[in-house]
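Everything on this sheet refers to the single structure shown next.
FYI, side chains are in, hydrogens and waters are out, and symmetry mates aren't considered; it's all heavy atoms of this structure. Quick note on labels: first sequence line is chain A, next is B, and so on, each numbered from 1.
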Amino acid sequence: MSPGLPPVRLPAPSWEGSSRAARIYRAALAALGPSRWWPAETPLEVCVGAILAQNTSWKGASRAVENLLARGVMDSPRALLALPLEELEKEIRPSGYFRQKARRLRIFLEWLQGECGGGVEGLARLPLEEARRALLALEGIGPETADSILCYGAGKLVFVVDAYTRRIGGRHGLFDPKLPYEEIRAWFEARLPADLALYREYHALLVRIGAGWCRTRPSCKGCPLSRFARPGLP
DNA sequence: GCCCAGGTGGGTA
DNA sequence: TACCCACATGGG
């Protein structure tokens with residue numbers, strides 16, 4: 001484990017609040033159990049996974065990360081960058097958009113190596129807003145990817161908003177799902193206690209529910225949050 | 001076969 | 001601002 005960074009997986013905290021957000025958290029946690037996300041062993045693995053997971057199933061992204069681990073290039077940005085582009089593309093093919101993602105991955109790794117002292121620890125030493133601005137300035141890093149890297153990789157207190165967060169939050173009457181990314185992020189950050197483990201666990205639970213019920217099952221039948229659902233919402 | 005996935009960037013009006 | 005489209009593989 002890299003020094004100076006919180007573990008990639010933290011235990012799920014309890015949240016005693018009486019708000020709708022808190023009750024939904026408790027219901028999801030009670031039904032599914034702790035997530036201990038992100039599903040990665042190292043901060044670098046989180047970053048690579050976050051880029052490879054863009055607009056694809058986690059399964060494909062995970063297979064791509066496994067390929068890189070098997071090649072023994074996940075120890076450092078330097079090791080990954082030493083892999084020839086064609087080889088990198090070949091290994092990450094299962095995650096889709098493999099040419100685009102190979103290029104974006106390299107842009108990020110070169111920045112990490114050049115500007116951050118070679119690793120995620122350097123990124124974590126930057127103040128949150130500065131780190132976020134720098135990430136967003138990189139080609140291929142949008143708000144969700146940046147926040148996944150910051151929250152799960154660098155241990156920054158940022159709530160990650162993704163398609164499931166938006167869909168579930170809208171469906172259960174938390175906020176308007178058409179709100180801009182930043183406003184949904186602010187919605188959570190204004191309501192959740194300032195606890196990194198809670199930020200991570202909440203997001204992870206929403207993803208697990210989204211992937212488990214919103215997508216793969218035709219109805220909300222059996223969803224741990226069905227009693228919170230508001231009728232008529234998409 | 002067809003649709004969509006834990007997005008992002010670029011183009012157009 | 002609000003839509004469109006490209007990017008690519010894999011699973012339901």
Side-chain angles (χ1 to χ4, degrees), chain A residues 8-9 28 32 35-40 43 45-68 85-109 111 132-154 158-172 174-185 187-188 199-223 225 234:
Chain A
V8 170
R9 300 157 189 255
L32 302 184
S35 311
R36 294 172 62 78
W37 268 25
W38 188 283
E45 216 180 299
V46 171
C47 299
V48 172
I51 291 169
L52 295 183
Q54 289 171 358
N55 200 39
T56 196
S57 65
W58 176 256
K59 205 166 187 178
S62 175
R63 196 174 303 169
V65 172
E66 289 302 320
N67 288 346
L68 294 172
L85 181 62
E86 299 70 32
E87 294 294 305
L88 179 61
E89 289 179 346
K90 179 165 77 86
E91 303 301 351
I92 69 171
R93 187 177 280 264
S95 69
Y97 309 110
F98 60 90
R99 292 187 201 91
Q100 191 181 62
K101 285 178 180 174
R103 205 163 47 83
R104 292 174 171 185
L105 199 48
R106 284 189 155 203
I107 290 170
F108 169 74
L109 293 166
W111 174 79
R132 194 163 191 272
R133 267 198 306 277
L135 283 171
L136 290 174
L138 299 174
E139 183 193 331
I141 308 288
E144 180 186 335
T145 308
D147 291 342
S148 296
I149 288 171
L150 290 168
C151 177
Y152 290 101
V158 182
F159 195 88
V160 181
V161 176
D162 56 31
Y164 292 139
T165 316
R166 190 178 285 278
R167 194 179 309 165
I168 295 171
R171 188 173 290 176
H172 297 81
L174 295 177
F175 47 77
D176 178 356
K178 292 192 292 294
L179 284 177
Y181 182 99
E182 296 301 336
E183 291 185 34
I184 297 183
R185 180 166 78 95
W187 189 94
F188 282 99
Y199 275 38
R200 289 181 177 179
E201 186 60 50
Y202 206 139
H203 168 249
L205 287 167
L206 292 181
V207 170
R208 290 167 71 202
I209 286 171
W213 279 271
C214 300
R215 188 157 60 82
T216 60
R217 302 175 203 204
S219 75
C220 295
K221 193 161 191 285
C223 172
L225 301 186

**Request:** Would you mind reading off the distance between Q100(A) atom CD and dC5(C) atom C1', rounded to a whole angstrom?
**Result:** 12 Å
**Item:** Under-4.0 Å side-chain N/O to phosphate OP1/OP2 contact, S95(A) with dA8(C)
**Value:** no
**Asked** Mind checking who dG12(C) pairs with, Watson-Crick or G-U wobble, both distances under 3.5 Å?
**Response** dC2(B)
**Message:** Can you check the distance between dA8(C) and dG1(B), where both ends of the measurement are the P atom (answer in whole Å)?
**Reply:** 23 Å
**Prompt:** Centres of the Y152(A) and H203(A) rings: under 6.0 Å?
**Reply:** yes
**Asked** So what does G140(A) hit on the nucleic acid, given a heavy-atom distance under 4.0 Å: a base, only sugar-phosphate, or nothing?
**Response** sugar-phosphate
**Asked** Tell me: NZ of K101(A) to P of dG9(B), nearest whole Å?
**Response** 13 Å
**Asked** Rounded to the nearest Å, what distance is computed from the NZ atom of residue K178(A) to the P atom of nucleotide dT1(C)?
**Response** 16 Å
**Prompt:** So which heavy atom on L52(A) is nearest to which on A64(A), and how close?
**Reply:** CD1-CB, 3.8 Å
**Item:** Separation of atom CD in E89(A) from atom P in dA8(C), rounded to whole Å
**Value:** 8 Å
**Asked** Taking only N and O in the side chain of R63(A), is any of them less than 4.0 Å away from OP1 or OP2 of dG11(C)?
**Response** yes
**Request:** Please state how far atom CD1 in I92(A) lies from atom C1' in dT9(C), giving the value in whole angstrom units.
**Result:** 11 Å
**Item:** Nearest listed nucleotide, side chain of Y97(A), among dA8(C), dG9(B), dG10(C)
**Value:** dA8(C)
**Request:** Find which nucleotide of DNA chain B each of L138(A) and Y152(A) is nearest to by heavy atoms, and output the residue with the more 5' nucleotide.
**Result:** Y152(A)
**Message:** dA5(B), OP1 or OP2 - any side-chain N/O from R167(A) closer than 4.0 Å?
**Reply:** yes
**Item:** Of the listed nucleotides dG11(C), dC7(C), dT8(B), the one nearest the side chain of K59(A)
**Value:** dG11(C)
**Prompt:** Tell me: CH2 of W58(A) to P of dG7(B), nearest whole Å?
**Reply:** 12 Å
**Chi angles and distances behind the side chain to side chain contact (heavy atoms under 4.5 Å, CB included) call for I141(A), I51(A)** = CA-CA 7 Å; I141(A) 308 288; I51(A) 291 169; 3.8 Å; yes
**Closest-nucleotide ordering on DNA chain B, the 5'-leading residue of S148(A) and E139(A)** = S148(A)
**Message:** Check this for me: does any side-chain nitrogen of one of R185(A) and E182(A) sit under 4.0 Å from a carboxylate oxygen of the other?
**Reply:** yes
**Request:** Measure from the side-chain heavy atoms of T56(A) and tell me the nearest of dA5(B), dG10(C), dT8(B).
**Result:** dA5(B)
**Asked** What's the CZ-P distance between R104(A) and dA6(C), to the nearest Å?
**Response** 15 Å
**Asked** Where does the angle between the aromatic ring planes of W58(A) and W38(A) fall among parallel (under 30°), tilted (30 to 60°) and perpendicular (over 60°)?
**Response** perpendicular
**Request:** Looking only at non-hydrogen atoms, find the nearest pair between Y181(A) and V161(A) and report the distance.
**Result:** CE1-O, 3.0 Å
**Complete:** Quick note, R99(A) side chain, CB onward, closest among dA8(C), dG11(C), dT8(B) is dA8(C)
**Item:** Touch class at under 4.0 angstrom, heavy-atom based, for I141(A) against every strand present
**Value:** sugar-phosphate
**Item:** Nucleotide dT8(B), atom P - distance to CG of D147(A) in whole Å
**Value:** 9 Å
